[in-house]
Peer 1: 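The structure under discussion is supplied below as structure tokens; questions concerning it will follow.
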Number of protein chains: 4
Amino acid sequence: MTQRADARRNQQALLDAAAEVFVRSGVDAPVRDIAATAGVGMGTIYRHFPTRAELIIAVYRHQVEACAEAGPRLLAADPPLVALGRWIDLFADFLVTKHGLAGLMQSDDFRPLHEYFLDRLVPVCTSLLDAAAAAGEIQGDLTAYELMRGVGNLCIGSDDRYDARRLVRLLVSGLAAPRPASP
Amino acid sequence: MTQRADARRNQQALLDAAAEVFVRSGVDAPVRDIAATAGVGMGTIYRHFPTRAELIIAVYRHQVEACAEAGPRLLAADPPLVALGRWIDLFADFLVTKHGLAGLMQSDDFRPLHEYFLDRLVPVCTSLLDAAAAAGEIQGDLTAYELMRGVGNLCIGSDDRYDARRLVRLLVSGLAAPRPASP
Amino acid sequence: MTQRADARRNQQALLDAAAEVFVRSGVDAPVRDIAATAGVGMGTIYRHFPTRAELIIAVYRHQVEACAEAGPRLLAADPPLVALGRWIDLFADFLVTKHGLAGLMQSDDFRPLHEYFLDRLVPVCTSLLDAAAAAGEIQGDLTAYELMRGVGNLCIGSDDRYDARRLVRLLVSGLAAPRPASP
Amino acid sequence: MTQRADARRNQQALLDAAAEVFVRSGVDAPVRDIAATAGVGMGTIYRHFPTRAELIIAVYRHQVEACAEAGPRLLAADPPLVALGRWIDLFADFLVTKHGLAGLMQSDDFRPLHEYFLDRLVPVCTSLLDAAAAAGEIQGDLTAYELMRGVGNLCIGSDDRYDARRLVRLLVSGLAAPRPASP
DNA sequence: AATGAATGAGATTTCATTCAT
DNA sequence: AATGAATGAAATCTCATTCAT
């Protein structure tokens with residue numbers, strides 16, 4: 001059982017290395033690079049994460065979970081549209097930080113990854129959206145799926161000249177119902 | 001001079017073939033496929049377009065030009081914000097149609113491509129934006145560069161479940177100045 | 001079109017190299033070895049023979065054809081059982097020479113190879129067998145398929161201590177109808 | 001001594017597992033599969049059977065011994081050629097049942113395996129063959145070694161369309177001396 | 001100028017084998 | 001003694017790119 005500790009350490013090294021390499025070279029970086037960065041053999045990656053999607057999911061799982069859990073908390077604390085805005089900020093922060101992650105979701109090869117994100121986060125986003133709609137704070141009938149894809153896309157390639165978060169805020173403000181003219 | 005004609009014919013065949021293959025298999029389709037579709041040898045592609053970015057630029061040049069030229073025309077015909085909206089629609093249409101093009105812009109390898117697009121279109125977009133700002137129709141100080149990147153990003157991966165144009169419209173509406181409360 | 005000559009030369013070099021390597025290391029020798037022996041890059045093999053089965057078939061095609069064509073000739077020249085014996089000798093010679101070929105046929109991976117051999121040779125063998133049966137020279141109802149598999153198997157691993165041809169002759173003699181006791 | 005018992009139990013589990021896996025996936029099945037089936041670690045296999053040949057020999061030892069012991073018994077009970085035929089049937093049964101075993105013998109890597117079989121069985125076969133020759137029941141001077149290799153080869157890949165036992169019987173009948181013409 | 005055959009680097013994946021625990 | 005995680009050497013296959021013709 002002592003070995004288990006070793007393996008766990010290794011797995012963590014792998015996750016750290018993968019995260020680092022993903023930032024450096026994108027999520028489709030050669031397996032060999034990740035192995036080298038982690039200081040393990042290539043077989044070790046395949047033992048822990050048989051497919052690339054599994055590795056990516058593992059790399060980002062913690063943050064996806066944190067994001068999912070934040071939804072209800074925000075909704076309880078703020079008016080719906082504010083909560084939605086804050087949650088979207090959280091989501092965007094995550095994506096922007098994970099340089100290259102957003103761009104990845106498009107690829108057919110990463111369907112499982114895409115699905116994991118959606119399965120976990122779309123319901124959360126839906127409840128925020130529904131609450132805002134119920135409160136009459138937003139117009140239209142955009143789905144959570146579309147909103148998240150839009151935000152996800154906006155977060156691709158954020159850099160000095162392109163502040164993704166700013167665009168995201170603009171998008172959310174476009175979502176808000178027009179303020180009724182005062183009487 | 002006859003050869004010149006030959007070469008020109010070849011170049012056009014190449015552009016047509018590349019456009020077709022780009023739609024079919026994305027802009028990173030194998031060179032061989034493009035050559036085969038054009039009915040020329042692979043060497044011919046390399047002679048005409050030494051890098052893939054050059055080929056892509058050539059493929060889309062006409063449409064980029066058309067888009068650039070539409071700017072002043074729209075501005076002359078409509079109120080600034082309407083003109084901006086229409087121009088953005090035009091730009092988005094172009095990107096959505098060119099499946100995969102938007103996603104490509106991110107890659108460092110295609111810097112030249114990216115730059116061509118920006119050099120040609122940012123000034124046009126800037127003049128539309130400035131006009132709208134001057135008319136008090138928009139708030140904030142978003143640059144044309146950021147707006148175009150945002151729109152470009154939103155256009156990635158449009159499909160049945162994700163209508164990029166809709167998100168783009170939302171973004172533009174977020175740009176509009178809040179209607180001043182009536183007195 | 002001059003290049004065609006080059007390519008043809010290359011293809012022949014490939015076939016020669018493959019034949020040599022097959023003898024040395026078996027028909028499942030690494031592609032790289034065959035390429036190296038032929039003095040070409042690995043891609044060249046894949047261009048000429050996309051699958052391993054295609055390469056093997058090509059390597060042995062000439063001899064399979066020669067064997068197939070010998071059947072009718074022998075049948076025309078000799079009494080059926082003699083013709084059958086000679087044809088089987090020919091077939092066995094081929095297999096024994098192609099060290100390792102016989103052993104290969106078993107593998108599921110080489111189904112296409114197996115099928116090519118059978119498609120081409122079973123009909124020939126059948127006509128020899130039928131003629132012998134019609135002449136009352138053989139007993140039983142062994143199929144050409146079984147006979148050929150038997151002969152093929154006997155030819156595996158012929159060497160100094162194991163003379164496959166001798167075993168084949170024994171098998172064929174076991175096929176002959178028992179001489180009717182003289183009156 | 002308790003550990004000795006453990007080790008013995010393990011060894012038996014390994015043999016059973018190997019036999020099972022050999023049937024399922026052939027004698028060159030991955031070591032890991034055998035270990036998993038036996039419910040032991042891979043290191044345990046290497047401890048007990050450092051080479052694959054040793055494992056295979058161990059797996060089949062019982063049956064090889066049984067076959068060897070049957071020789072004298074059959075010879076005592078039947079006329080020599082009948083005894084030979086029955087013994088060969090026994091040998092063929094063993095090989096046909098051990099799917100893939102016969103094909104394996106060819107490989108240079110399994111020389112030790114090959115040798116074990118021959119060392120144990122050739123003398124038995126020789127005595128049967130000699131007895132038949134002494135009785136004038138067979139012709140020629142085929143060695144036991146060649147006969148066994150022939151039978152071994154015939155047993156490769158027996159299936160629905162190829163009945164190895166039938167071919168083996170044919171071979172043995174080819175061995176019989178021609179019935180002397182009646183006076 | 002054009003061709004397309006050839007090259008070969010690089011990416012993935014599988015397992016036999018070792019060795020720290 | 002046993003475990004099974006780790007290793008890393010193969011082997012396969014795919015293209016971007018070159019270059020002889």
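The sequence lines fix the lettering, A, B, ..., with proteins before strands; numbering per chain opens at 1. Here the structure is a predicted model, which is why all the values come from computation and not from measurement.
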Peer 1: Heavy atoms from C-beta onward define the side chain here; which of dG4(E), dT12(F), dT13(E) lies closest to that of Met42(B)?
Peer 2: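 Of all the options, the side chain of Met42(B) is nearest to dG4(E).
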
Peer 1: Check the surroundings of atom CZ in Arg111(D): do more than 12 heavy atoms from other residues, nucleotides or ligands lie under 6.0 Å from it?
Peer 2: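 No, not enclosed.
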
Peer 1: I need the CG-P distance between Asp28(C) and dC13(F), as an integer number of Å.
Peer 2: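 Distance, rounded to whole Å: 13 Å.
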
Peer 1: Tell me the interatomic distance from Ile34(D), atom CD1, to dC15(E), atom P, rounded to whole angstroms.
Peer 2: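 Answer to the nearest Å: 12 Å.
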
Peer 1: Closer to the 5' end of DNA chain E via nearest nucleotide, is it Ala29(A) or Ile45(C)?
Peer 2: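 Result of the comparison: Ile45(C).
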
Peer 1: Ignoring backbone atoms, establish whether His48(B) has a side-chain N or O less than 4.0 Å from OP1 or OP2 of dA1(E).
Peer 2: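 Checking His48(B) against dA1(E): no side-chain N or O falls below 4.0 Å of OP1 or OP2.
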
Peer 1: To the nearest 0.5 Å, tell me how far Ile156(B) CD1 sits from Asn153(B) CG.
Peer 2: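 Going from CD1 on Ile156(B) over to CG on Asn153(B), the span is 4.5 Å.
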
Peer 1: How many whole angstroms separate atom CZ of Arg8(C) from atom P of dT21(F)?
Peer 2: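 Spelled out: CZ on Arg8(C) to P on dT21(F) is 15 Å.
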
Peer 1: Pick base, sugar-phosphate or nothing for Arg52(D), based on heavy-atom distances below 4.0 Å to the nucleic acid.
Peer 2: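 Sugar-phosphate, backbone atoms only, no base.
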
Peer 1: On DNA chain F, does the nearest nucleotide to Gln11(A) precede the nearest nucleotide to Gly41(D) from the 5' side, or the other way round? Give the residue.
Peer 2: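 It is Gly41(D), whose closest nucleotide lies nearer the 5' terminus.
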
Peer 1: Check the distance between dT13(E)'s C1' and Leu55(A)'s CG and give it to me in whole angstrom.
Peer 2: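 From Leu55(A) CG to dT13(E) C1': 15 Å.
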
Peer 1: Parallel, tilted or perpendicular: which fits the ring planes of Tyr60(B) and Phe22(B), with parallel below 30° and perpendicular above 60°?
Peer 2: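 Tilted.
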
Peer 1: Roughly how many Å is it from CG in Leu14(D) to C1' in dT3(F), rounded to a whole number?
Peer 2: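 Atom CG in Leu14(D) sits about 13 Å away from atom C1' in dT3(F).
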
Peer 1: Roughly, in whole Å, what's the span from CD in Gln12(D) to P in dA2(F)?
Peer 2: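 About 15 Å, once rounded to whole Å.
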
Peer 1: Starting at the 5' end of DNA chain E, which residue's closest nucleotide do you reach first, Tyr46(A) or Thr44(B)?
Peer 2: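 This one resolves to Thr44(B).
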
Peer 1: Calculate, to the nearest 0.5 Å, the distance between atoms CD1 and CZ belonging to Ile45(C) and Arg32(C) respectively.
Peer 2: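 That separation rounds to 10.5 Å.
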
Peer 1: To the nearest Å, how far apart are Arg32(C) CZ and dA10(F) C1'?
Peer 2: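 Computing the Arg32(C):CZ to dA10(F):C1' distance gives 9 Å.
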
Peer 1: State, with a plain yes or no, whether a side-chain heavy atom of Phe49(D) is found less than 4.5 Å away from one of Ile56(D).
Peer 2: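 No - every pair of side-chain heavy atoms lies 4.5 Å or more apart.
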
Peer 1: So, OP1 or OP2 of dA2(E): does either fall under 4.0 Å of a side-chain N or O from Arg47(B)?
Peer 2: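 For Arg47(B), the contact criterion (side-chain N or O under 4.0 Å from OP1 or OP2 of dA2(E)) is met.
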
Peer 1: Could you grab the distance from atom OG1 of Thr51(C) to atom CD of Glu54(C), nearest 0.5 Å is fine?
Peer 2: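 Going from the OG1 atom of Thr51(C) to the CD atom of Glu54(C) covers 3.5 Å.
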
Peer 1: Rounding to a whole Å, what distance do you find between Phe49(D):CZ and dA1(F):C1'?
Peer 2: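 That distance rounds to 15 Å.
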
Peer 1: Closer to the 5' end of DNA chain F via nearest nucleotide, is it Gly43(A) or Val40(D)?
Peer 2: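 Mapping each residue to its closest nucleotide by heavy atoms, the 5'-most match is Val40(D).
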
Peer 1: Mind checking which stems touch DNA chain E? I mean at least 3 consecutive Watson-Crick or G-U pairs, both distances under 3.5 Å.
Peer 2: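 Stem list for DNA chain E: E:2-21 with F:2-21.
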
Peer 1: With a 4.0 Å limit, can you tell me whether Asn10(C) has a side-chain N or O closer than that to the phosphate oxygens OP1/OP2 of dA6(E)?
Peer 2: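 Answer is yes, contact under 4.0 Å.
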
Peer 1: Got a second to check how far Asp33(D)'s CG is from Glu20(D)'s CD, nearest 0.5 Å?
Peer 2: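 Atom-to-atom, Asp33(D):CG and Glu20(D):CD are 10.5 Å apart.
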
